[in-house]
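Values reported hereafter were calculated over all heavy atoms of this structure, with side chains retained and with hydrogens, waters and symmetry mates removed. Labels below follow one simple rule: chain letters A, B, ... track the order of the sequence lines, proteins then strands, and each chain is numbered from 1.
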Number of protein chains: 2
Amino acid sequence: MPNQSTSLDLTFQALADPARRKMLERLSRGPAAVSELALPLTMSLPAVLQHLTVLETAGLVTSAKTGRVRTCQIAGPALAEALGWLDARRAEWEARFDRLEAYLNELKEGDSNG
Amino acid sequence: MPNQSTSLDLTFQALADPARRKMLERLSRGPAAVSELALPLTMSLPAVLQHLTVLETAGLVTSAKTGRVRTCQIAGPALAEALGWLDARRAEWEARFDRLEAYLNELKEGDSNG
DNA sequence: AAAATAGTTAAGTGTTGACTTAACTAATTT
DNA sequence: AAATTAGTTAAGTCAACACTTAACTATTTT
């Protein structure tokens with residue numbers, strides 16, 4: 001059975017690793033070379049490259065090579081999609097919470113009137 | 001070496017699975033029993049239980065048993081933490097974008113004045 | 001041209017993850 | 001009390017992950 005991952009699968013999976021989140025934190029402040037992303041990480045360069053591939057496959061990062069330097073950039077859409085999913089859950093959760101609150105207020109008013 | 005996962009690791013990891021996201025989508029509309037969460041999923045009940053454990057460990061869901069029924073609820077804070085991290089990245093990304101835009105506008109104005 | 005820099009590929013290892021089936025417990029219903 | 005329902009535990013399998021080292025390719029710099 002092929003493992004057909006959706007876009008959100010790949011995005012959240014990519015976000016689940018602390019090394020990859022550090023890379024994104026750096027990139028959200030501006031473009032950077034691979035070795036710059038590697039600096040704060042205590043792992044080999046090939047490992048960093050593998051993390052970069054995961055980020056690119058998820059669409060969270062794009063990169064291009066100039067000379068011998070590969071410059072990486074954060075990409076908006078994948079980030080926005082993940083944010084959108086989470087925000088939809090929060091919205092539903094809050095709507096439910098608000099309805100409950102309104103109901104409780106109604107109960108309280110009815111109580112003081114009866 | 002113990003694998004000390006942070007809260008965000010666990011949260012994003014939990015969100016990376018489509019079955020778990022479906023469970024959360026259901027729960028964001030209101031509490032539900034385990035078997036109700038299992039309904040739309042094409043897997044065994046034990047598998048659903050394992051997913052539920054992952055969600056609870058990540059703090060995304062709480063549950064309590066009454067009689068023979070376990071009722072599950074979505075939990076706000078873990079969701080908010082994940083949202084917060086993503087939103088911080090977007091904010092930084094947008095701030096940079098805005099600065100770039102302002103700079104380009106400045107260039108354009110300078111161009112028409114010189 | 002030689003040495004250093006920046007990145008890349010391949011291959012192997014140990015750990016987690018996502019299931020499964022089988023067997024079981026504890027509440028309800030009939 | 002017997003059958004059903006709802007959930008749980010244990011154990012095993014197979015694939016995916018997160019690395020590693022070794023060896024290699026391009027591009028600069030000296």
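Interface remark: the Q50(A) side chain does not form any donor-acceptor pair with the dC17(D) base, using a distance-only criterion of under 3.5 Å.
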B/S/- contact track for nucleotides 22-30 of chain C, protein heavy atom under 4.0 Å: B----BS--

side-chain contact (heavy atoms from CB on, under 4.5 Å) assessment of L15(B) paired with R89(A): CA-CA 12 Å; L15(B) 292 168; R89(A) 298 295 81 67; over 6 Å; no

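Here S35(A) reaches the OP1 or OP2 of dG7(C): one of its side-chain N or O atoms lies under 4.0 Å away. At the phosphate of dC17(D), neither OP1 nor OP2 sits under 4.0 Å from any side-chain N or O atom of H51(A).
With hydrophobic clusters built from ILVMFWY side chains whose heavy atoms lie under 4.5 angstrom apart, L37(B) shares a cluster with M43(B). In the hydrophobic clustering of this structure, L86(B) does not group with L10(A); members are Ile, Leu, Val, Met, Phe, Trp, Tyr whose side-chain heavy atoms approach within less than 4.5 Å, directly or through other members. The hydrophobic cluster containing L27(A) does not contain V69(A), counting ILVMFWY residues as joined when their side-chain heavy atoms lie under 4.5 angstrom apart, directly or transitively.
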Distance-only criterion, 3.5 Å: show the donor-acceptor pairs between side-chain atoms of residues 53-61 of chain A and protein atoms not counting sequence neighbours.
| unit_1 | atom_1 | unit_2 | atom_2 | d |
| --- | --- | --- | --- | --- |
| T53(A) | OG1 | L49(A) | O | 3.0 |
| E56(A) | OE2 | S63(A) | OG | 2.9 |
| T57(A) | OG1 | T53(A) | O | 2.8 |

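Atom CG of L10(B) is separated from atom C1' of dG17(C) by 13 Å (rounded to the nearest Å). Here the P atom of nucleotide dC17(D) and the CG atom of L55(A) are 13 Å apart, to the nearest Å. Here the C1' atom of nucleotide dA15(D) and the CG atom of D9(A) are 15 Å apart, to the nearest Å. Atom CZ in R70(A) sits roughly 9 Å away from atom P in dG7(C) (whole-Å rounding). Computed from coordinates, the F12(B) CZ to dC17(D) C1' distance equals 18 Å when rounded to whole Å. Rounding to whole angstrom units, CG of residue L41(A) and C1' of dA18(D) are separated by 13 Å.
When all heavy atoms of I74(A) and R96(B) are compared, the closest pair comes out as CG2-NH2, 3.9 Å.
Closest to the side chain of L45(B), out of dC19(C), dT8(C), dG7(D), is dG7(D).
Remark: W85(B) engages E25(A) in a side-chain hydrogen bond (donor to acceptor under 3.5 Å, both in side chains) (not counting sequence neighbours). Looking at residues two or more places apart in sequence or on another chain, you find no side-chain hydrogen bond (donor to acceptor under 3.5 Å, both in side chains) involving E94(B).
A side-chain N or O of E81(B) and one of S7(B) form a donor-acceptor pair less than 3.5 Å apart.
Residue-level contact check: S44(B) touches the bases, meaning some heavy atom is under 4.0 Å from a base atom.
In terms of modelled atom types and a separation under 3.5 Å, the side chain of R20(B) and the main chain of Q13(B) share a donor-acceptor contact.
Taking CG of L83(A) as the start and CZ of R90(A) as the end, the distance is 9.0 Å to the nearest 0.5 Å.
Near DNA chain D, meaning a heavy atom under 4.0 Å from it, residues 56-64 of chain B has no residue at all. Scanning residues 13-34 of chain B for heavy-atom distances under 4.0 Å to DNA chain C yields D17(B), R20(B).
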